[in-house]
Amino acid sequence: MWPASPAALIAIQHELSTASPPPWRRGSGQPEIGGCIVCFPRGQAGPGSGGDRAWAAAAVLRGGRLIAEATVAGEARAPYIPGLLALREGPMLDAAVSALASPPDVLLVDATGRDHPRRAGLAVQLGAVLGLATVGVTHRPLLAAGAWPEDRDGASAPLLLGSEPVGAWLRTHRATRPLAVHPGWRTNIDTAVEIVLAAVSGHRTPEPLRRARTHARTARARDEAAHG
DNA sequence: GCGACAG
DNA sequence: ATCTTGTCGC
């Protein structure tokens, strides 16, 4: 499910674009919300290349408390190419989430969903591979566009691809620019926004993603101190 | 042809 | 993604 070539990935993306899995429904009680992220060596700007060292981490919180965490080290399999992010980061994110003692109810991913040339961004694909409901969270859209919402906590505004709503700008913290929220696997725009708001606590970035990023960077610092 | 372009 | 500097807030 993690192809090595652009052609193979594009074929999978075409299949995912027409998939219609049953909608995820939040159960009773506090949902376990996970986040996963991959980071790369300090000092290496640009799209990178296959073989780049990489660290990935996943964190799961419930009611603001960390209940699971996993970190893995490995290598990226390709450079970053817009529309083909899964080629570079998919396997690492899969490994980090799979290393968790138990999976979350829903997973936040640093990637788009239907805001993608083939309507199948990495947030969609990772959810399909793992069998987990996912929500994409990015700093900016890939192709979609929309006016920002007012500067008020929780305010949102549509992100459109042509005339089709594919996500939403979401104000997670006043006085900071909004995040782009993307429905991924088994989620829609409304539930995606709900989940992100439920995962935010005092910062712009949802807590599970912040924790995952910290863990990944800690692993990077340890390895870069040990080697070069 | 040129620029834009999740991470 | 990563880098940099300055600035604001707890």
Side-chain angles (χ1 to χ4, degrees), chain A residues 2 6 9-10 12-13 16-17 35-58 72-97 107-127 134-146 151 153 159-162 166-170 173-185 187 192 196 201-206 209-210 212-221 223-224 228:
Chain A
W2 296 115
L9 173 58
I10 288 169
I12 289 172
Q13 289 172 340
L16 286 172
S17 70
C36 58
I37 200 114
V38 51
C39 70
F40 297 94
R42 297 178 52 113
Q44 289 189 9
S49 59
D52 285 348
R53 198 95 179 98
W55 296 264
V72 300
E75 291 182 355
R77 298 190 185 176
Y80 165 67
I81 299 168
L84 302 178
L85 179 61
L87 236 39
R88 180 165 176 78
E89 298 189 355
M92 291 291 296
L93 293 174
D94 184 345
V97 177
L107 179 71
L108 306 182
V109 187
D110 249 28
T112 68
R114 293 181 299 191
D115 172 19
H116 182 274
R118 289 162 292 280
R119 308 296 191 275
L122 179 54
V124 173
Q125 188 174 359
L126 186 62
T134 57
V135 172
V137 176
T138 63
H139 294 300
R140 58 186 184 195
L142 178 54
L143 301 173
D151 189 0
D153 281 1
L159 273 168
L160 306 174
L161 233 184
V166 295
W169 283 119
L170 178 63
H173 192 58
R174 65 168 195 76
T176 65
R177 57 174 283 144
L179 287 175
V181 173
H182 311 262
W185 189 246
T187 55
V196 171
S201 62
H203 295 272
R204 174 175 181 254
T205 304
L209 287 174
R210 296 185 72 237
R213 175 173 283 115
T214 297
H215 286 297
R217 288 180 172 175
T218 298
R220 178 181 65 182
D223 289 355
E224 289 189 336

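This one's a predicted model, so the numbers in the text were calculated from it and none came from an experiment. Lettering of chains follows the sequences in order, A, B, ..., and the numbering in each one begins at 1.
- Here A:F40 does not lie in a stacked arrangement on the base of C:dA1, lacking the combination of planes under 30° and ring centres under 5.5 Å apart.
- Counting any heavy atom pair closer than 4.0 Å across all strands shown, A:I37 reaches no nucleic acid atom.
- Among the atoms of the strands shown, none is found under 4.0 Å from any heavy atom of A:R114.
- With hydrogens and angles ignored, a donor-acceptor pair closer than 3.5 Å exists between the side chain of A:T112 and the base of B:dA6.
- The separation between A:H173 atom NE2 and C:dC8 atom P is 15 Å, rounded to whole Å.
- When the P atom of B:dG7 is taken as reference, atom CG of A:L209 falls 11 Å away, rounded to whole Å.
- Remark: A:L9 CG to A:L84 CG distance equals 5.5 Å, nearest 0.5 Å.
- Contact annotation: A:R88 does not reach the phosphate of B:dA6 (side-chain N/O to OP1 or OP2, under 4.0 Å).
- Each of B:dG7, B:dC5, C:dA1 was ranked by its minimum atom distance to the side chain of A:P82; first place goes to B:dC5.
- Within 4.0 Å (heavy atoms only), A:G43 reaches sugar-phosphate atoms of the nucleic acid but no base atom.
- Note on A:H116: a base of the nucleic acid sits closer than 4.0 angstrom, heavy atoms only.
- Residue A:E89 places its side chain closer to B:dG7 than to any other of C:dT2, B:dA6, B:dG7.
- Protein atom CZ of A:R118 is 13 Å distant from nucleotide atom C1' of B:dC5, rounded to whole Å.
- Nucleic acid contact class of A:G136 (heavy atoms, under 4.0 Å, all strands): none.
- Here CZ of A:R88 is found 10.0 Å from CD1 of A:I81. Values are rounded to the nearest 0.5 Å.
- Between the CH2 atom of A:W55 and the CE atom of A:M92 there is a distance of 8.5 Å, given to the nearest 0.5 Å.
- Regarding A:L126, its CG atom lies at a distance of 19 Å from the P atom of B:dA6, rounded to whole Å.
- Spacing between atom CG of A:D115 and atom C1' of B:dG7 amounts to 13 Å, rounded to whole angstrom units.
- One interatomic measurement links the two molecules: CZ of A:R140 to C1' of B:dC5, which rounds to 7 Å at whole-angstrom precision.
- Look at CG on A:L122: it is 16 Å from C1' on B:dC5, rounded to the nearest Å.
- A:L87 comes within 4.0 angstrom of nothing in the nucleic acid, heavy atoms only.
- Between the CG atom of A:L122 and the OG1 atom of A:T138 there is a distance of 11.5 Å, given to the nearest 0.5 Å.
- Residue A:R53 holds its CZ atom at 6.5 Å from CD of A:E75, rounded to the nearest 0.5 Å.
- For C:dA1, the OP1/OP2 oxygens have a side-chain nitrogen or oxygen of A:R213 closer than 4.0 Å.
- Between C:dT2 and A:R42, no contact under 4.0 Å exists linking OP1 or OP2 to a side-chain N or O.
- Within 6.0 Å of CZ on A:R77 lie no more than 12 heavy atoms contributed by other residues, nucleotides or ligands.
- A:G48 comes within 4.0 angstrom of no nucleic acid atom, judged by non-hydrogen atoms across all strands.
- Rounded to an integer number of Å, the gap from CZ of A:R174 to P of C:dC8 is 14 Å.
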